[in-house]
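Atoms considered below: every heavy atom in the structure, side chains included; atoms not considered: hydrogens, waters and symmetry mates. Owing to the predicted nature of the structure, the values given are computational and were not obtained by experimental measurement. Counting starts at 1 for both ligands and their atoms, following the listed order.
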Amino acid sequence: MFAAFSKSLSATRTLQINKAVLSESLRFSLCNKDTKRDYHEVVGDVLTPSQVMGIDHLRDPRLNKGLGFTLAERQALGIHGLQPARYKSQEEQLELCKISIENYQEPLNKYLYLSELHDRNEKLFFRLLSENIEQLLPIVYTPTVGLACQRFGLIYRRPHGLFITINDKGHVYDVLRNWPEPDVHAIVVTDGERILGLGDLGACGMGIPIGKLALYTALARIKPHHCLPICLDVGTDNEALLEDPTYIGLRQKRARGAEYDEFLDEFMAAIVKRYGQDTLIQFEDFGNANAFRLLEKYRNKYCTFNDDIQGTAAVALAGLLASNRKTGKKISEQVFLFFGAGGAALGIADLCVKAMEREGISEAEARNRIWMMDIDGLVVKNRSHLLGHQTFYAKDHSPEKDFLKLVNEIRPSVLIGASATGGAFTPDILHAMASINRHPIVFALSNPTAKAECTAQQAYDHTEGRVIFCSGSPFPDVNYDGKVYHPGQGNNAYIFPGVALGVILAGIHHIIEDYFIIAAQTVADNVKEEDLAKGSLYPPLGYINECSLQIASLILKDAYKNGKATVYPEPEDKRKFLESKLYSHFYEDSLPKTWTWPESPKIKTRPLQRKTKTTVT
Ligand SMILES: O=C([O-])CC(=O)C(=O)O
Ligand SMILES: [Mg+2]
């Protein structure tokens with residue numbers, strides 16, 4: 001087997017990293033322990049450019065520096081002449097990228113430009129994203145990623161992850177082996193049933209795992225080759241998609257029941273078999289009925305969490321903790337009314353209960369302070385189908401459907417929208433909140449922007465500017481009564497990258513709720529007085545990178561203290577340890593160590609270009 005592998009390897013030396021073309025026998029060899037080291041030499045952490053020749057340095061997005069290759073590198077790597085003579089530093093390239101993005105008017109075109117850059121030059125893409133989070137987050141993530149999913153059939157170009165269909169049932173592990181990276185630590189998976197607030201987008205939901213994992217790298221500097229986006233294509237119940245000639249998924253109704261469950265079980269087991277027990281699996285945008293069920297089923301068996309339930313809960317809790325500083329009230333003193341009673345709402349409610357218990361009240365008292373309503377009215381005890389934890393919050397009450405009447409009766413201090421019903425917080429509702437509270441807390445968390453329960457401007461306009469507001473998608477600054485406010489984005493991007501970094505680096509096997517409370521508290525602690533004064537309950541988006549590192553350090557600390565870490569020896573300085581593991585988006589020197597200029601170079605280029613290193617800042 002090894003001989004066959006070596007032979008194939010030399011024959012394929014000039015191939016780029018994308019090993020989709022590898023022969024079956026070579027693929028078997030790659031999974032073989034003895035040959036794993038050789039494979040690592042051309043991919044992953046110890047990627048050795050010497051294993052790659054010529055033009056593949058330009059074709060492989062992980063090696064490509066475009067015009068950032070110096071003359072010496074071009075000579076040594078055999079790419080001289082394949083590009084124009086000009087050398088550009090990464091900084092000069094970044095400037096050009098920014099100009100290019102600004103030239104596009106449509107957000108979707110900006111998204112496509114970034115996606116193409118990701119395909120072409122990985123370090124440039126991630127540096128651009130990390131250093132321009134405020135401007136680019138709305139493009140690679142909410143809200144534009146929603147539009148990209150809706151058009152996914154039209155814009156799909158190249159593989160950025162795996163599509164595993166229900167027809168692969170029985171062979172999921174074989175499909176996983178087709179992914180060329182052997183060292184995956186983090187997976188974001190969707191089955192596309194509830195993409196943001198847009199509903200069932202089937203296989204087009206793949207845009208979400210791709211976007212979330214881009215943020216793993218941009219916001220927590222998790223190495224891109226450690227990340228794998230997966231879409232489980234079990235069909236779609238979206239009739240429009242089933243009839244759409246551009247649809248890229250299976251053209252059949254969703255598999256449900258035992259068939260679905262067996263497929264999911266097989267998927268989880270295959271991940272562990274392929275990548276190990278501590279592979280983090282983030283569930284994203286599953287339908288409500290499956291999201292809770294699967295979380296309960298897998299949370300103590302696998303290294304998994306559901307971002308829509310737990311990530312959203314943590315970011316909402318962070319906002320509430322920060323708002324305490326404005327209202328002077330503890331969380332256990334608030335009365336909550338949720339509009340929407342699905343995964344996100346229940347996740348927030350559960351985490352708030354935990355936070356209230358920490359403040360000293362009982363679980364029952366805490367649950368009593370939380371009311372929920374959805375399309376069927378108030379969540380009440382005698383409702384025939386109570387979903388998951390809805391039972392905890394169901395009240396002895398008539399199933400009242402009149403939202404305004406309920407606000408006036410319950411007199412909530414906190415109104416949380418997680419309903420995917422754009423505009424549900426009408427001026428009447430907002431006026432009522434303002435008449436009940438000096439500082440009404442209103443969170444319109446649904447995504448993308450059009451699904452938000454109210455806009456930031458409406459929230460200020462209809463509460464005499466007294467509102468404490470945040471939204472899941474970004475809104476422009478608000479002008480109220482001559483003052484400009486900059487409400488923050490209560491988005492789970494503050495939470496999941498940092499949690500993932502800590503969990504991966506400590507080798508944690510099961511993700512406990514405490515980590516989300518740690519994350520929420522960390523984000524809240526990073527909110528400055530000046531942020532609150534501007535109307536924001538969150539640190540600026542550009543600060544998420546630092547929040548992620550703090551969250552990860554604290555999770556590491558907790559995991560070692562409580563025996564949940566499996567990576568030993570325990571690092572003494574947790575922050576230093578994790579910083580040593582981070583991805584660098586700066587260009588590295590690609591010049592082979594032993595290479596020197598020939599005695600009489602055939603080229604007549606001025607020494608100015610003989611620079612071997614790009615300046616990094
Ligand atoms: O993606 C986002 O912006 C937040 C999220 O998880 C969702 O809305 O499903
Ligand atoms: Mg989501």
*Could you tell me if the ring centre of Tyr583 sits under 6.0 Å from that of His226?*
no
*Give the intermediate values and the outcome of salt bridge (charged side-chain N to carboxylate O under 4.0 Å, His left out) for residues Arg194 and Asp308.*
CA-CA 10 Å; Arg194 200 275 299 143; Asp308 302 298; 3.3 Å; yes
*Does the ring centre of Phe305 sit less than 6.0 Å away from the ring centre of Phe516?*
yes
*asked:* I'd like to verify the contacts: list protein N, O or S atoms under a distance of 2.8 Å from the Mg ion (ligand 2).
replied: Glu284 OE2, Asp285 OD1, Asp308 OD1
*Would Tyr494 and Tyr538 count as a close aromatic pair, with their ring centres under 6.0 Å?*
yes
*Lys212 bridged to Glu284 by N-O distance under 4.0 Å*: yes
*Do the ring centers of Phe263 and Tyr260 come within less than 6.0 Å of each other?*
no
*Taking the six-membered ring of Tyr543, is the NZ or CZ of Lys528 close enough (under 6.0 Å from the centre) and on axis enough (within 45°)?*
yes
*asked:* Taking the ring of Phe292 and the ring of His389, is the distance between their centroids below 6.0 Å?
replied: yes
*Among Thr142, Thr144, Asn447, whose side-chain hydrogen bond (donor to acceptor under 3.5 Å, both in side chains) with Ser473 holds?*
Asn447
*Listing by chain and number, which residues have a heavy atom under 4.0 Å from ligand 1?*
Tyr141, Thr142, Arg194, Leu196, Lys212, Glu284, Asp285, Asp307, Asp308, Asn447, Asn491, Asn492
